[in-house]
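Beneath this line is the structure, given in structure tokens, with notes to follow.
Being a predicted model, the structure only gives us computed values, none of them experimental. Throughout, a chain's letter reflects where its sequence line sits, starting with A, and its residues are numbered from 1.
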Amino acid sequence: MRMSRLFSQTLREAPSEAEIPSHQLLLRAGFIRQMAAGIFSYLPLAKRSLTKIENIMRQEMNAIGGQEMSMPVVQPADIWKETKRWYQIDAEMGRFKDRNGRDMALAMTHEEAVGDLVRREIRSYRQLPALIYHLQTKFRDDPRPRAGLIRVREFTMKDSYSLDADWEGLDKQYRAHFQAYFNIFNRCGLPAIAVKSDVGMMGGKLAHEYMYLTPYGEDTLLLCDACGYSANRQIAHIRKPVPVPAAALPVEKVSTPNCKTIAEVAGFLGVPTSQTAKAVFMIATLPEGEKTIQRFVFAVIRGDMEVNETKLSNAVKAKELRPATEEEIRAIGAEPGYASPVGLKDALVVVDDLIPQSPNMVAGANEAGYHLKNVNYGRDYSAQIVTDIAAAQEGDACPQCGSPLRTVRGVEVGNIFKLGTRYSDAMGCTFLDKDGQIKPVIMGSYGIGSGRLLACIAEEHHDDNGLIWPVSVAPFAVHLVVLPGKGEGETVTVEADQLYADLQAAGIEVLYDDRPESPGVKFMDADLLGMPIRLTVSERAHKAGGVEFRRRDQSEKRIIPQAEVLATVQAEIAALQTALDATLVEATFEGE
RNA sequence: CGGGGCGUAGCGCAGUCCGGUAGCGCACCGCGUUUGGGACGCGGGGGUCGGCGGUUCGAGUCCGCCCGCCCCGACCA
């Protein structure tokens with residue numbers, strides 16, 4: 001490609017809306033342009049990289065038996081109503097009516113499409129197992145797109161769906177994906193780790209997220225350096241401290257003027273915050289048939305811990321969970337700042353599983369200015385649900401080995417879900433098994449967003465001057481710069497044109513900077529765009545005996561004799577690829 | 001949806017407080033010089049100042065409403 005014809009331009013300064021490096025560099029280098037919040041155009045340079053990324057995905061999917069296909073983006077609402085997600089998902093789903101007034105949905109993911117297809121196509125166990133996948137546009141009307149391509153509303157995802165006759169089959173396909181995903185990330189030059197995750201709107205049994213660790217990430221992970229435990233904060237467990245047992249003392253009402261926070265109460269009464277019970281009030285929207293109801297949720301946790309809203313939400317099976325207002329809190333008979341689970345009416349009480357073992361806690365009295373001492377679970381109050389709702393924090397004990405956990409930020413670049421029969425049951429995806437029984441198809445779903453992956457690669461591989469693409473996903477392998485100079489200009493240009501033709505003839509992808517720009521501009525742009533190899537044809541290089549060679553990831557330059565350029569470039573590309581391949585390893589599977 | 005910030009040429013910004021008819025750098029076009037790390041000179045093109053309404057003799061500037069984008073939070077595969 002001649003750069004003078006390339007449909008994009010570099011920018012010296014990044015548009016002010018870009019804050020993180022990958023976003024700034026992809027804009028400056030002319031890879032992407034934004035059309036609306038979270039909606040982007042991918043210019044030729046980006047498209048070339050995306051195609052390479054997607055081809056790597058195709059290879060890895062095909063290698064585990066995947067068959068590529070394509071399913072619609074625009075879908076009838078009916079199939080989403082069948083699985084109830086039409087009702088469960090709120091404004092995040094793109095909806096419209098067609099000209100005949102029928103409800104339509106924009107695909108956020110494709111389980112329903114797969115379900116519809118499977119129930120039509122799959123009749124016999126002989127057709128299973130199967131693995132289908134496609135690369136297709138998704139639309140999710142995210143409340144807050146951010147960080148360039150990291151979090152967008154419209155994106156392309158490689159999503160695959162495994163179909164099995166039994167659970168062993170699902171295990172097998174799940175594990176195959178577990179490894180294939182590491183292969184994909186490694187081949188793209190992106191270091192990623194797998195952590196156990198919440199199943200979220202997908203439903204299902206077991207899920208892993210693949211995380212690229214970066215401070216710009218929006219998820220918080222807890223890692224154990226001692227035993228390797230890793231989990232998303234949303235579901236991370238901790239080994240909780242063991243409370244000192246004690247005989248239950250009589251409840252005592254004490255005056256605690258102006259003590260609205262746990263710290264104030266504990267300080268005023270001279271007890272550790274771990275001796276207090278904190279109340280958190282939420283309003284949950286719960287699905288009930290095709291409708292929803294609102295329920296007041298009163299969560300109780302030890303004063304030195306925080307409630308994990310994802311765990312709480314899962315515990316009450318909420319569609320939505322939001323903090324309650326003061327009026328709502330008073331309406332159920334509690335007093336904000338002095339709230340107590342003792343003597344509540346009409347609230348769904350959820351208690352962290354550490355509370356029942358903790359004797360003689362300080363809790364509110366549901367009366368301004370007063371708390372209760374020596375409150376004991378079971379004797380003084382009870383809960384509808386007792387489970388783990390504690391948020392894991394930096395320094396908490398690892399649930400497996402007890403060592404302190406560490407928190408890091410990460411971006412989710414892929415996920416795999418064991419769906420089980422959630423969609424098959426809802427949509428009637430059944431088959432006739434060997435034993436003559438009708439059984440539901442067992443499904444798994446597996447996704448990687450290609451644009452987000454591109455952004456993470458850019459985030460991982462850049463320096464102050466620009467991008468540094470891994471050879472496997474670089475738009476072009478070689479950036480050829482010609483500096484015609486003045487005297488021998490024509491000779492130099494002829495030499496460069498010839499080299500451009502020779503490289504192309506050898507099947508090497510070349511971006512040829514033939515623009516009439518000054519040397520400084522050309523070198524700066526070459527660094528910005530970040531192709532792995534730069535070749536410079538100039539009078540100076542010619543006099544030194546050939547063509548200047550430089551790798552983007554190294555600072556040394558060297559002169560290569562004319563006759564050896566092709567072989568050198570091929571060898572260097574091979575060396576870069578070999579280094580990438582060396583990162584491929586067998587991953588240890590962390591199951592249930 | 002709550003809090004904050006910003007919308008002036010393709011990009012980065014000044015001008016807005018204090019109203020007087022729009023400017024700087026880069027980019028772009030032409031000519032010439034220059035040619036190994038973001039060159040220089042001369043000449044040029046490009047703006048409904050986010051939109052609508054109001055105040056005023058006069059609005060980029062003041063007032064009201066709306067829209068858009070970014071950041072934090074809520075949310076999220």
Side-chain angles (χ1 to χ4, degrees), chain A residues 8-20 23-24 27-28 30 33-39 85 89-93 107-111 138-148 150-153 155 157-159 197-204 207-211 216 218-219 232 234 282 285 309-310 313 318-323 325 411-417 445-449 452 465-466 481-489 492-493 515-528 534 536-544 548 550 555 557 559:
Chain A
S8 69
Q9 279 177 297
T10 56
L11 302 173
R12 288 206 187 178
E13 291 179 274
S16 58
E17 73 249 23
E19 290 208 338
I20 74 167
H23 191 195
Q24 292 178 338
L27 283 169
R28 283 190 54 211
R33 294 291 182 251
Q34 183 167 336
M35 181 178 276
I39 298 180
R85 282 161 122 190
I89 296 168
D90 203 29
E92 206 179 330
M93 181 162 9
M108 311 174 68
T109 171
H110 281 78
E111 282 76 18
K138 311 279 185 271
F139 181 79
R140 295 180 190 177
D141 197 356
D142 201 280
R144 188 153 93 81
R146 52 175 288 272
I150 302 273
R151 192 175 171 83
V152 295
R153 295 194 292 170
F155 57 100
M157 180 185 262
K158 184 292 304 168
D159 42 328
S197 72
D198 184 45
V199 294
M201 74 167 181
M202 306 293 290
H208 283 87
E209 288 172 339
Y210 290 77
M211 308 295 304
Y216 298 109
E218 52 198 349
D219 287 318
N232 193 307
Q234 293 176 327
M282 308 294 288
T285 306
E309 289 188 19
T310 305
S313 181
K319 175 185 165 186
E320 204 184 319
L321 198 65
R322 62 164 173 87
T325 63
V411 175
E412 182 186 349
V413 288
N415 54 45
I416 57 180
F417 291 91
S445 115
Y446 317 84
I448 300 181
R452 181 180 278 188
N465 295 321
V481 174
V482 60
L483 304 177
K486 50 173 180 186
E488 311 280 326
V492 171
T493 302
R515 300 173 304 167
E517 292 288 348
S518 69
V521 170
K522 291 189 169 193
F523 288 137
M524 294 301 271
D525 277 349
D527 286 350
L528 178 60
R534 187 184 80 190
T536 306
V537 176
S538 68
E539 198 178 323
R540 184 197 284 188
H542 187 81
K543 281 179 180 158
E548 182 189 276
R550 185 185 170 215
S555 52
K557 305 173 224 184
I559 298 292

Name the nucleic acid region contacted by [X], choosing base, sugar-phosphate or nothing; use a 4.0 angstrom heavy-atom cut-off, strictly under.
{"X": "A:A147", "answer": "sugar-phosphate"}
{"X": "A:R153", "answer": "nothing"}
{"X": "A:A18", "answer": "nothing"}
{"X": "A:R534", "answer": "base"}
{"X": "A:Y446", "answer": "nothing"}
{"X": "A:E548", "answer": "base"}
{"X": "A:D525", "answer": "base"}
{"X": "A:P15", "answer": "sugar-phosphate"}
{"X": "A:P145", "answer": "sugar-phosphate"}

Would you kindly give the [atom1]-to-[atom2] distance between [X] and [N], to the nearest whole Å?
{"X": "A:E517", "N": "B:C26", "atom1": "CD", "atom2": "P", "answer": "14 Å"}
{"X": "A:Y216", "N": "B:C72", "atom1": "OH", "atom2": "C1'", "answer": "16 Å"}
{"X": "A:Q9", "N": "B:G10", "atom1": "CD", "atom2": "C1'", "answer": "8 Å"}
{"X": "A:I150", "N": "B:C71", "atom1": "CD1", "atom2": "C1'", "answer": "16 Å"}
{"X": "A:E13", "N": "B:C13", "atom1": "CD", "atom2": "P", "answer": "7 Å"}

Problem - Validation row: A:V413, A:M211 side chains within 4.5 angstrom (heavy atoms) - result: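 With C-beta onward as the side chain, the pair stays apart.
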
Problem - Note, A:E412 side chain near A:N232 side chain (heavy atom, < 4.5 Å) - result: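 Of all side-chain heavy-atom pairs linking A:N232 with A:E412, none is under 4.5 Å.
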
Handout entry: Under 3.5 Å donor-acceptor, A:R140 side chain and A:M93 backbone
Key =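 Pair absent, no side-chain N/O of A:R140 close to backbone of A:M93.
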
Is [N] paired to anything, Watson-Crick or G-U wobble with both distances less than 3.5 Å, and if yes, which nucleotide?
{"N": "B:U34", "answer": "none"}
{"N": "B:G43", "answer": "B:C29"}
{"N": "B:C69", "answer": "B:G5"}
{"N": "B:C49", "answer": "none"}
{"N": "B:C17", "answer": "none"}
{"N": "B:C62", "answer": "B:G54"}

Give the nucleotide from the list [options] with an atom nearest to the side chain of [X].
{"X": "A:R452", "options": "B:A77, B:G36, B:C76", "answer": "B:A77"}
{"X": "A:V521", "options": "B:A77, B:A39, B:G36", "answer": "B:A39"}
{"X": "A:A37", "options": "B:G36, B:C69, B:C76", "answer": "B:C69"}
{"X": "A:P143", "options": "B:A77, B:A74, B:G37", "answer": "B:A74"}
{"X": "A:L11", "options": "B:C11, B:A77, B:G36", "answer": "B:C11"}

Within the pair [X] and [N], is there a side-chain N or O less than 4.0 Å away from OP1 or OP2?
{"X": "A:S16", "N": "B:C13", "value": "yes"}
{"X": "A:R146", "N": "B:C72", "value": "yes"}
{"X": "A:R144", "N": "B:C71", "value": "yes"}
{"X": "A:Q34", "N": "B:C70", "value": "yes"}
{"X": "A:S518", "N": "B:U35", "value": "no"}
{"X": "A:R12", "N": "B:A27", "value": "yes"}

Exercise for the section: Tell me which of A:E17 and A:G449 sits closer to the 5' end of RNA chain B, going by the nucleotide each one is nearest to. Expected result: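 Checking each residue's closest nucleotide, the 5'-ward one belongs to A:E17.
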
Handout entry: RNA chain B: 5'-proximal contact among A:A36 and A:N415 (nearest heavy atom)
Key =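 Nearer the 5' end of the strand: A:A36.
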
Exercise for the section: For B:C26 and B:A14, measure between their C1' atoms and round to the nearest Å. Expected result: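 Each nucleotide's C1' atom is 15 Å from the other's.
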
Problem - Nearest-Å distance once atom P is located in both B:A39 and B:A27 - result: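 Per the computed distance, 8 Å lies between those P atoms.
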
Practice task
Please round to the nearest 0.5 Å and tell me the distance separating atom CD of A:Q24 and atom CD of A:E19.
Solution key: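 These two atoms lie 8.0 Å from each other.
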
Exercise for the section: Supply the atom-to-atom distance A:M157 CE to A:R452 CZ, rounded to the nearest 0.5 angstrom. Expected result: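 Going from CE on A:M157 over to CZ on A:R452, the span is 8.0 Å.
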
Exercise for the section: Look at atom CD of A:Q9 and say whether more than 12 heavy atoms of other residues, nucleotides or ligands are closer to it than 6.0 Å. Expected result: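 No - once you tally the heavy atoms of other residues, nucleotides and ligands closer than 6.0 Å, there are 12 at most.
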
